[in-house]
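Below is one structure, written out as structure tokens; comments come after it.
Counting convention: from 1, in listed order, for ligands and their atoms alike.
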Amino acid sequence: MIVCSCAMISDHDIEEAVTALRTRDPLVVLTPGLIYKYLGKRPSCGTCLPLITRLMVAYDDEDPSAQTAPARRIGAGSRPSP
Ligand code: FES
């Protein structure tokens, strides 16, 4: 499915970018801008940015390698030690 018609970005492109960026740096703060940069594209109208953000978060939650990030462990119910 095409998510960004200006830059011709599909949902698969976003999934690939999230997986690659998370693998490269488990602690990276994912943003739509980072996704565009990884794909070598630029947004134009910006209409797609809310959908790209939702897909980015959804694919990031699916990525098993992200489970090793400290923020994920903290968010999973445990509390950081003082
Ligand atoms: S639809 Fe993505 S920038 Fe226009």
Side-chain angles (χ1 to χ4, degrees):
M1 167 181 80
I2 295 297
V3 176
C4 175
S5 56
C6 293
M8 295 305 293
I9 295 174
S10 71
D11 55 338
H12 295 293
D13 294 330
I14 295 170
E15 182 175 17
E16 175 196 323
V18 167
T19 300
L21 290 166
R22 186 58 71 202
T23 300
R24 187 185 300 166
D25 180 0
L27 300 179
V28 69
V29 177
L30 294 174
T31 64
L34 197 57
I35 299 294
Y36 272 95
K37 185 176 179 183
Y38 173 83
L39 296 172
K41 302 189 177 196
R42 303 183 80 159
S44 180
C45 71
T47 304
C48 61
L49 293 177
L51 178 55
I52 287 181
T53 301
R54 285 197 301 275
L55 288 171
M56 182 184 73
V57 169
Y59 290 135
D60 193 28
D61 285 343
E62 289 177 1
D63 185 359
S65 66
Q67 297 302 315
T68 59
R72 297 278 178 195
R73 288 195 306 262
I74 292 169
S78 63
R79 292 179 180 245
S81 39

For atom 3 (S) of ligand 1, what is the nearest protein heavy atom, given as residue, atom name and distance?
-> Ser44 N, 3.1 Å
Any Ser5 heavy atom less than 4.0 Å to ligand 1 = yes
Per-atom contacts of ligand 1 with [X], taking only distances under 4.0 Å to non-hydrogen atoms:
X: Cys6; result: 1 (S), 3 (S), 4 (Fe)
X: Cys45; result: 1 (S), 3 (S), 4 (Fe)
X: Gly46; result: 3 (S), 4 (Fe)

Distance-only, no hydrogens or angles: does the Asp13 side chain make a donor-acceptor pair with backbone N or O of Ser10 under 3.5 Å?
-> yes
Output yes when a side-chain donor or acceptor of Arg42 lies under 3.5 Å from a complementary backbone atom of Tyr36, and no otherwise.
->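 Between the backbone of Tyr36 and the side chain of Arg42 there is no qualifying donor-acceptor contact (under 3.5 Å).
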Taking both backbone and side chain into account, is any N, O or S atom of Cys4 nearer than 2.8 Å to atom 2 (Fe) of ligand 1?
->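 So Cys4 counts as coordinating atom 2 (Fe) of ligand 1, yes.
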Metal site atom 2 (Fe) of ligand 1: N/O/S of Cys48 inside 2.8 Å | yes
Min side-chain heavy-atom separation Tyr38-Glu16 under 4.5 Å |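 Sidechains of Glu16 and Tyr38: in contact.
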Should Leu21 and Ile35 count as side-chain neighbours, where that means a heavy-atom distance under 4.5 Å?
->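 The answer is yes; the side chains approach within 4.5 Å.
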Determine whether Met1 and Ile14 fall in the same hydrophobic cluster, where Ile, Leu, Val, Met, Phe, Trp and Tyr are linked whenever their side-chain heavy atoms lie under 4.5 Å apart.
-> yes
Could you state the interatomic distance from CD1 (Ile9) to CG (Leu39), rounded to the nearest 0.5 Å?
-> 5.0 Å
